[in-house]
**Student:** 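Let me begin by handing over the structure; questions about it come next.
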Amino acid sequence: MSDDRQQQILSAALRVFTRDGFAKATMNAIVKESGLSKGGVYWHFDSKDAIVIAIFNQFMSGQEALLDTVLAQNIAAPAKLDQLVSLIEADVANFVDDMPATLEFYALATRNPTLKQQLTHFYADYLHKIEALFAQGAAEGVWRPLPTAHTAATFIALFEGVFLLYTLDPHDTPLGQRMKNAINILLTGLNL
């Protein structure tokens with residue numbers, strides 16, 4: 001039951017953050033949106049920052065699980081990359097309405113040391129896993145053996161940049177097409 005209540009609070013908070021932004025969102029607005037009592041919300045989260053960190057951890061845990069599932073498969077690196085791009089596209093489509101709040105995580109991380117540390121840790125782990133994917137492709141002889149850390153960092157930067165630009169103009173080109181275009185450009189440089 002506790003997990004259900006926490007999820008109810010986190011969902012309500014995300015709606016409030018999306019509507020009002022992090023800076024203007026209040027605990028009172030989150031309490032009202034959740035439909036729970038003030039004590040019920042504070043029983044689970046003692047502050048707005050605690051809620052922000054919980055939402056961040058939930059999102060990043062989902063991203064890590066998605067990546068781990070793809071990388072654990074016994075398939076060639078290009079197939080893993082294609083599958084990863086498709087899964088990320090589908091995952092992003094699930095939270096597209098919450099994108100303004102999602103982008104604010106980066107701004108918050110510059111001011112919140114706990115959030116910054118967690119975001120830094122997530123990206124270091126993400127980089128390491130993507131680096132292993134590009135090393136696999138090089139070992140299979142399908143991609144150039146370029147410095148895998150640089151290639152992985154470029155891959156992540158491409159995705160982050162495509163995602164950021166998509167939030168500015170989501171009606172120009174579908175997100176999945178933008179992602180595939182970026183990956184095709186990267187693979188043109190990697191393919192043997």
Side-chain angles (χ1 to χ4, degrees), residues 3 6-7 9-11 13-14 16-18 20-25 27 30 44-72 77 80-81 83-138 143 146-168 175 178-179 182-183 185-186 189-190:
D3 287 345
Q6 286 181 357
Q7 189 54 52
I9 295 164
L10 295 178
S11 295
L14 192 54
V16 171
F17 293 150
T18 299
D20 301 341
F22 285 117
K24 292 181 182 178
M27 284 297 283
I30 293 167
H44 295 284
F45 301 100
D46 64 358
S47 68
K48 185 170 76 170
D49 281 351
I51 292 173
V52 168
I53 289 169
I55 290 171
F56 172 81
N57 286 335
Q58 186 179 54
F59 174 75
M60 292 305 174
S61 294
Q63 294 295 305
E64 286 178 349
L66 187 146
L67 181 58
D68 290 342
T69 298
V70 171
L71 296 180
K80 285 182 183 179
L81 186 62
Q83 190 175 65
L84 182 62
V85 170
S86 294
L87 289 174
I88 290 172
E89 175 188 0
D91 193 48
V92 168
N94 288 332
F95 67 86
V96 72
D97 293 336
D98 300 325
M99 276 192 197
T102 305
L103 292 176
E104 285 188 80
F105 278 122
Y106 287 104
L108 284 173
T110 64
R111 296 183 300 274
N112 182 314
T114 302
L115 196 56
K116 184 175 184 173
Q117 180 183 17
Q118 290 177 324
L119 185 61
T120 301
H121 175 74
F122 168 77
Y123 276 111
D125 188 50
Y126 191 56
L127 180 70
H128 178 71
K129 290 174 182 179
I130 295 297
E131 186 177 352
L133 175 62
F134 286 115
Q136 176 190 342
W143 294 332
L146 299 173
T148 55
H150 297 289
T151 306
T154 301
F155 172 83
I156 292 170
L158 277 172
F159 264 78
E160 294 298 318
V162 165
F163 179 69
L164 177 62
L165 292 175
Y166 179 76
T167 62
L168 296 174
L175 180 61
R178 289 181 187 202
M179 292 168 116
I183 294 305
I185 291 168
L186 177 65
L190 286 176

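Fair warning: this is a prediction, and the values are worked out from it, not measured in the lab.
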**Student:** Are any side-chain N or O atoms of S61 and backbone N or O atoms of Q58, one a donor and one an acceptor, separated by less than 3.5 Å?
**Tutor:**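 No; judged by distance alone, with no hydrogens or angles, the pair does not exist.
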**Student:** Please find the pair of heavy atoms, one from A153 and one from L127, that lie closest to each other, and give the distance.
**Tutor:** N-CD1, 3.4 Å
**Student:** Can you measure from CG (L186) to CZ (F159) and round to the nearest 0.5 angstrom?
**Tutor:**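 CZ of F159 is found 9.5 Å from CG of L186.
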**Student:** Looking at OG1 of T148 and NE2 of H150, how far apart are the two atoms once the value is rounded to the nearest 0.5 Å?
**Tutor:**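 Those atoms lie 8.5 Å apart.
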**Student:** With rounding to the nearest 0.5 Å, note down the distance linking CZ in F155 to CD in E160.
**Tutor:** 10.0 Å
**Student:** Could you check whether any side-chain heavy atom of Q63 comes within less than 4.5 Å of a side-chain heavy atom of Y126, counting everything from C-beta outward?
**Tutor:** no
**Student:** Return the minimal non-hydrogen interatomic distance between I51 and A13, and the atom names on each side.
**Tutor:**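 The pair with the smallest heavy-atom distance is CG2-CB, 3.4 Å.
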**Student:** Verify, without hydrogens or angle tests, whether K48 (side chain) and A25 (backbone) share a donor-acceptor contact under 3.5 angstrom.
**Tutor:** yes
**Student:** Say you draw a straight line from CD1 of I9 to NE2 of H44; how long is it, rounded to the nearest 0.5 Å?
**Tutor:**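 Nearest 0.5 Å value for the CD1-NE2 distance: 4.5 Å.
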**Student:** Nearest 0.5 Å please: distance from the CE atom of M27 over to the CG atom of D46.
**Tutor:**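 Atom-to-atom, M27:CE and D46:CG are 8.0 Å apart.
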**Student:** List the steps and the verdict of side chain to side chain donor-acceptor pair (under 3.5 Å) for S11 and Q7.
**Tutor:** CA-CA 6 Å; S11 295; Q7 189 54 52; 3.2 Å; yes
**Student:** Measure the CZ-NZ distance between F17 and K24 for me, rounded to the nearest 0.5 Å.
**Tutor:**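 Taking CZ in F17 and NZ in K24, the distance rounds to 14.5 Å.
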**Student:** Check A152 against E131 and note the closest heavy-atom contact, atom names and distance.
**Tutor:** CB-N, 3.5 Å
**Student:** Write down the atom of A109, the atom of L115, and the distance for their closest heavy-atom approach.
**Tutor:**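 Closest approach of A109 to L115: N-CD2, 3.9 Å.
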**Student:** Can you label the angle between the F134 ring and the W143 ring as parallel, tilted or perpendicular, going by 30° and 60°?
**Tutor:** tilted
**Student:** Side chain to side chain contact (heavy atoms under 4.5 Å, CB included) with L84: which of T69, L71, I130?
**Tutor:**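 Testing each of T69, L71, I130 against L84, the sole residue satisfying side chain to side chain contact (heavy atoms under 4.5 Å, CB included) is I130.
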**Student:** Would you name the heavy atoms of L10 and A54 that are closest together and state the gap between them?
**Tutor:**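 Smallest heavy-atom distance, with atoms named: CD2-CB, 3.7 Å.
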**Student:** Do L119 and M60 touch side chain to side chain, with heavy atoms closer than 4.5 Å?
**Tutor:**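 Side chain of L119 against side chain of M60, heavy atoms only: contact under 4.5 Å found.
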**Student:** Might you point out which heavy atoms bring L158 and A182 nearest each other, and give the distance in Å?
**Tutor:** CD1-O, 3.7 Å
